[in-house]
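This report refers to the structure that appears directly beneath it.
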Amino acid sequence: MTAPLLSVRNLVVEYPVGGKTLSAVADVSLEVGKGETLGLVGESGCGKSTLGRAVLQLRRPTAGKVVFDGTELTGLAAEKMRLMRRRLQLIFQDPIASLNPRRTIGDIVAEPLIIGGVSDKAERDRRVREVLTAVGLDADLVSGRLPHEFSGGQCQRICIARALILEPELVICDEPVSALDVSIRAQILNLLEDMKRRYGLTLLFIAHDLAVVKAVSDRIAVMYLGKLCEVGPTEKLFAQPAHPYTALLLDAIPVPDPSVKPTANIPVGEPPSPLAPPSGCRFRTRCPRADAVCAEVVPPLREIADGQFAACHHPLV
Amino acid sequence: MAVLELERDVATEAPVRRPRRVGMLFIGSVAWIVLIGLSAIFADWLPIQSPTDMDLLAKRAPLFSPGHILGTDHLGRDELSRLIYGGRVSLLVGLLAPVIGVIIGGCLGMVAGYFRGRLETFAVGGVDVLLAFPPLVFVLAVTAFMGQSVANITIVIGVLGIPAFTRVARAVTLTLSEREFVTAARALGATHSRILMRELLPNVALPLLAFFLLAVAVTIVVEGALSFLGLGVPPPTASWGSMIGEGRENLDIAPWLAFLPAGFMFLTVLAFNVIGDTLRALTDPRPGAL
Amino acid sequence: MSAPLLSVEGITVDLPTPRGPLRAVDGVDLTLAPGSTLGIVGESGCGKTMLSRAILQLLPKRAKLGGRIMFAGRDLVTLQPEELRRLRGPELAVVFQDPMTSLNPVLTIGTQIVETLQAHLGMDTVTAMRRGVELLAAVGIPAPEQRLRQYPHQLSGGMRQRVAIAIALSCEPKLLIADEPTTALDVTVQAQILDLLAREQQRRHMAMILITHDLGVVAGRTDEVAVMYAGRVVERAPTPKLFTRMRMPYTEALLAAIPKLDSPPHTPLPAIAGRPPDQTRPLKGCSFEPRCRYADDHCRSAKPPLADPERAGGLFACWHPL
Amino acid sequence: MTSIHSRLAKIILPVAIAAGLSAAPALAQKKGGALTVGIELDIAGFDPLKVGVYDTSPNIAASLFLEQLTRLDENGKPKPSLALSWSASEDYKVWTYKLRPDVKFSDGTPFNAQAVAFNFNRQKDPKNNCRCAFYIANVLSVEAKDDLTVVYTLKDPAVNHPALLTRPDQNSTIHSPTAIQAKGDDYNRNPVGTGPFVIKSWTAGDRMVLERNPDYWNKGKPNLDRVILRPLPDAQSRFASLVSGETDVVWADEYEADNITRARKNNALQVLEYVGSGAGVAALNTKVPPLDDVRVRQALVMGLDKKKISQALTNGLARPASNPYGEGSWVKCKDDGALPTDPKKAAELIKEYGKPVQFKMLFTATPRGRATSQVYQQLWKQIGVDMEIEQVDQATFPPRAFQRKFDIIGWRIVDFPDPDVQMFANFYSKSPLNLANYSNPELDKLLEQSRVTPDEGKRTEAYCAISRLLNKEATWMWIFQNTYYAMAKAKVKGIPKLYGGVIDVSDAWVE
Amino acid sequence: MAKFLGRRLLYLLPVLLAVTLLTFLVASLLPGDLATTILGDQATPEKVAALRAEMGLDLPIWQRYGIWLWGVLHGDLGRSFRTGETVWAAVTARLPVSLELMVIGVVLSLVIAIPLAILCAVKSGTALDRFFTGLAFGKLSLPNYMVAILLIYLFAVELNWLPATGWVPFAEDPLANLRSFILPAVTLAFAEWPVLMRVLRSDMIATLQEDYIAMAKAKGLRPARILLVHALKPSSLTLVTVAGINIGRLIGGALIVETIFALPGIGRLLVGAIYARDFIILQGVVLFVAAGFVVVNFIVDMLYAVLDPRIRHGRA
């Protein structure tokens, strides 16, 4: 494997909530290779979005390192970080909320260029047109309008255009399709794949839907309550999940086939509050295989099979 | 593949902008404001009597008196003329004083709501101090120290309005700052000032404007209340507020002296708010507004 | 077949918008037998929620409703407010999409359960409290006595939805409308809630309408499925039948657009091009026509009726069924 | 609302008043009952060291529970009160008063000559820095000859000294020495006197309740059991309170012309009116241009049509003044030298002056000041004079006057039993109150002469000469004569003349 | 809770310090001072200087503030040089009047505003709604002093139902006391209700669109319960804020109402102190008023917690 474009080491992100400290990301290490798509999966509140934002230094990590293309982003001076941002981009879950309702699409998409110091108006217009066309929008029809005149899918295209106009290297997609309808979702996923090829992007793809993640990712990392459970190549992880949580996630997906009766193997209970995570293995409260060890020892992430890592005392393989 | 299909999608189904209907109320309001505004601006050229010339023997002439269509006030001055000239002052104070509040309070509130932390504590504390400070002491001190003039009164009322504007701006900014488009701008590497000016300001502006229109009404009335305490616009300048104040003493003999300016004020304030509401609805990005 | 519990006849819902009236529901007919389950599937804006609100008589104030909704022999559309109020709860109940917003944030769980029991069953507070504890326990909430004193925000999303279900079930309704009951929940919790609903439905012999955008949700848990598109029901069939033999191109495309777990990564998804039509400007022909790969001139000029030309027990609205 | 004028009354020597004990006709005076009086302002207190001077509101209160050595009778002449008799030395510089025996303050302290001397010395003591001392500057000492004899020694002669002691003001009212010493700072709001009433309770800003003094020396008096004084600052609600029956008597002035007219028409109400001496005036600062030119000053006087002003501001109720004495004064001049009202002539004078005439006139920031100022401005505008209105708050007004920081300022010559004090204070060149900044040896000589002459005829001549001189030089403008009003229910009887605007209800009764 | 109280207290002190210091600074801008006012026409420069020295007015402003603060910290608010009254006595005599006026006025305005707001919210967009919102506007252009005079003419002079000015101490006659507060309180309520109604109406309209209201309807609850229990409570946060600010403002006295109705309240004391340049009283009143304001703010915060359990549980 080539040197990773992004490497996250022992990242910890904490913030105060009502006098207590919530550790949203608790000691997570990850690597994303150049040109790779890493899928990051987990239920709401597992810290996956926080992780994405911490990588971009939108939320300063409490501890740990984020190294992007050899530069350590944590602790980078604000001005330097600002310049670095054109190489890192972010796409949000709610496309409508991530567009300023009072600015025109042309304005919004050109914004990164203005911030990036492209002062030539004609040049900006040209690039806006180019990128809008690339995401499947007609620049002439779109530029002068306000976001509310567009549907969610179209807004997400605009967001993608905005993220891509500076031709970044790494794009963090934070649940980019979970707010979209099924028919639109497929369009956007296809578009992302398309764009990835066209612009040679590296993606960190964050989602809660395993099926969606599977469709686009080379490797997948599963998070639970701020910790990584399992990391591995997509096919391998799906074929043979090592962590019981991964297995439960797979089982829980409703299958559009009436002949497949909903499994009896439904995970018990709900994720505990991240404010008071269980001791030892954080998943143990819902794990069918949990025993005394799990309550005491935090399982380290270890290689189960080639390229497949799991943090479990009793892995399934 | 997907690209081609989408071009067709947008081309055929591009949203259509339709002019939204505006009611008679709106048209009437615009007409009233234009009328009042123009007559205030061109008062000097209008064929009306001087607002200060007194007919001391014909004071409190009733409505439709010969030569005084709206009668005369308690010193025999032409009421119509005073209403027009008074409108000039009232509109001037009523519009300019909230401008001070909007600018200072708006900036303070936005900065506080966006940066949070100690800055916010400071701004909120400052606002509380200003709110807890008896306004009358301030008004008296300023007018006694700097003299009583339309400009000073505008400044005083304006400064007293800062806390309210700060609160509104801060509250709106607080919720907006959590929105993803602000995070998006940060992720793009936009500077704080750029985020404040380009992302937040356009969105804070409308709620502030709505509040501004309310403040116009309040200001016109407050100026009148200051006249009650002898701290309003200096004589012989007329303002609607001071006219109501002067009319108050004649309420049982010549009630129209108080009710005419009050009526003018009411219509103006109402018109401003109708216009404000309509404009807000027309420019609201949410579909289904109005 | 026994007399239907609910029969919806030619329902239309028009919403006023600045762009003109929007026909959210366009001539929908449905019937539902006591104890059976109907799944309504569709994407956002297809009118499924408006349809459910129409049945519940909870439409926005300015919405215009047409048609008849016969429920247990009464027309809900013409019912007096007080009669309707008595009906809601003991006969007709609902579970909304987001339990965070459908539970009142400033009232305790206990208040919200007890008030329903008191309003309809005339229980005194003590009895109602006891019944509340039973209900909470029945929907799988641990330590129900304590929960009664808690506020919605103190519970997790799944627990909140369980509370909402407990409230809906409290007066033993004949019909439960579950409007996207799991959309706001995590996958692992979603399965639990769906199972809970299915279990309670069977145990109480209650009819249920399960509204969702996810074909996977209705697949194993409904007797019949209606697929909606642009305000109309475009296909309706018994569940097994629908999944084995889809006739409407939209249904098929919808199913195909879902990423499959068994296909390898980076497989391009068969997406449905375009987006749903603007319902303020009704199309003359089939509303799926602009996005349909089988469409021809006939589809553009004539609206296909929802019918069962093959007499095979499945209704669909298409000129060119698969 | 406070007017310039009523405010000024507080600053300048307060107006004299006396209760007409014998004024009441021998008719049956009904005993008992209560009376509520609506006064204009809240009362700060009664300790001269604290409040400096009393204005009309404390004067009204003081007339109920404090007494002076003398008081005024029906004809405006001094008559005995705490003093029984008096005599003067030949040069009118030493006055000896014999006091009434067996009088006690309401705290039990005996009233005697020592008490009078104590009150005086306390005010006179330079260490006390009392503003009240100004008004007794002419008195060198007050000595107790024996228990019931006090001797006043004066710097300059005063032919009418007993009249100067008639007012229920800060200088002439006699307070209980023991109470003053015992209460210290608290005395101001817990005063003790010898009067017919005693203070029962006093809520600042709301009401002062006085009840009859059971040990009052004048047995059988007072008629009323109880008097309640209520400060009602708003003129409209003050009148409303009278109409609706919450008050029985209210203070008023000519600016309430509408209300006075209405009260006159109302059979259930009566209007008490008293035309006193003195006048509402304005001082022209003769040291600043353009007012240093006599033509300009004359023009200003002639341009001001007082009848019109009276019509505009008071429905014609206010009486134009042409000299500082007024109808209520014993000074009556055949020729006071008044300049005619002649706007045409005035305009010519202004033209003659050549330069533009611009100046500021100082008014208080009150609705009344507002109305008045605009009328002056308008009238002067018609003769080509540009007067700018400057409104200042009531606390800024007097310092501006005393520091001579004004061009023209509104003022008042207060109603006083003898003109001397006011005349000397306002017009004598070395007086600190010479607001016009005008000095003329001839005027000074006339003033000095008038104060040492016992003969009233001769004094009248001197005063009329003064009036002619002042009118010719136009250093002051006389606007309206002092006229005082009170409105009361018709059944309230026994209120004497409103000397100095003081409503004295100490001997009143309700039919 | 104790921590919350402590934090609030820590916030209170700087605000009070700032307000009182500001008063010192602003008051020092006023032309004229107590010395010239007391000395009046004999205010020669020497005498003024002597009196100023005696009263400590010649010290630099910081020092004066320090002395005042030191006194306050030792429980000594000072004594008016003019009337000899202690600040404590002066303020405590007036405060109950202002407070009673404020409480009755605010309660009355809420009594008017809340039902109207609910009515307008339920009927939003209808003629009824427009009528009352228009009425609220109309009130905005009718100043307090006019309302007061009109009320007096109508109820005191014409109908003679209520006293125009006859304030009676509560201890003396509670019923008469209440009667004397009716007109002033109505005047105040008249000024306050439009604002309160507007605020509650718009919040209520938003709340009525919430899912939990639909849920409450779907549960078959009675409309009254839905409006009063389910909708009113969560809609009242802004109302509480605005009412709080208004109350805070009114602690400083409703000067115009107090003047017209001759109520011996804080507002008149304050103005009297300013006009007389009686800064010791002024400082004392400002201290009380500011403290009152902060306390009201504090109560508003507590009310938030009562109204919204999410705030109570620290997850705002």
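Small disclaimer: the values here were computed from a predicted structure and weren't measured. Proteins come first, then strands; the chains are lettered A, B, ... in the order of their sequence lines, and each starts at number 1.
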What residue in [options] has the most heavy-atom pairs under 4.5 Å with chain B?
options	result
M84(A), E79(A), Q89(A), Q93(A)	Q89(A)
I108(A), D94(A), L90(A)	D94(A)
M81(A), R85(A), R53(A), R162(A)	R85(A)
L166(A), I114(A), I96(A)	I114(A)

If the condition is ring-ring contact (aromatic ring centres under 6.0 Å, His included), which residues does F138(B) pass it with, not counting sequence neighbours?
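Counting only residues at least two positions away or on another chain, F138(B) forms no ring-ring contact (aromatic ring centres under 6.0 Å, His included).
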
Check whether [X] gets within reach of chain B through its side chain, its backbone, both or neither, counting any heavy atom under 4.5 Å.
X	answer
D140(A)	neither
L99(A)	backbone
R86(A)	neither

Looking only at heavy atoms, which of residues 179-189 of chain B get nearer than 4.5 Å to chain A?
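Residues of residues 179-189 of chain B touching chain A at under 4.5 Å: R179(B), E180(B), F181(B), T183(B), A184(B), R186(B), A187(B), L188(B), G189(B).
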
Name all residues meeting the side-chain hydrogen bond (donor to acceptor under 3.5 Å, both in side chains) criterion together with T50(A); count only those two or more places apart in sequence or in a different chain, and write none if there are none.
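For T50(A) there are no side-chain hydrogen bond (donor to acceptor under 3.5 Å, both in side chains) partners, ignoring immediate neighbours.
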
For R198(B) and N100(A), run side-chain contact (heavy atoms from CB on, under 4.5 Å): C-alpha distance rounded to whole Å, both residues' side-chain angles, the deciding distance at 0.1 Å, then the answer.
CA-CA 9 Å; R198(B) 303 288 306 228; N100(A) 189 333; over 6 Å; no

Tell me the residues of residues 170-177 of chain A whose non-hydrogen atoms fall below 4.5 Å from those of chain B, in number order.
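Within residues 170-177 of chain A, no residue comes under 4.5 Å from chain B.
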
As an exercise, state the distance from CZ of R102(A) to CG of L201(B), rounded to the nearest 0.5 Å.
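Separation between the atoms: 11.0 Å.
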
Is the number of heavy atoms from other residues, nucleotides or ligands within 6.0 Å of CG (L25(B)) greater than 12?
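Incorrect, the count does not exceed 12.
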
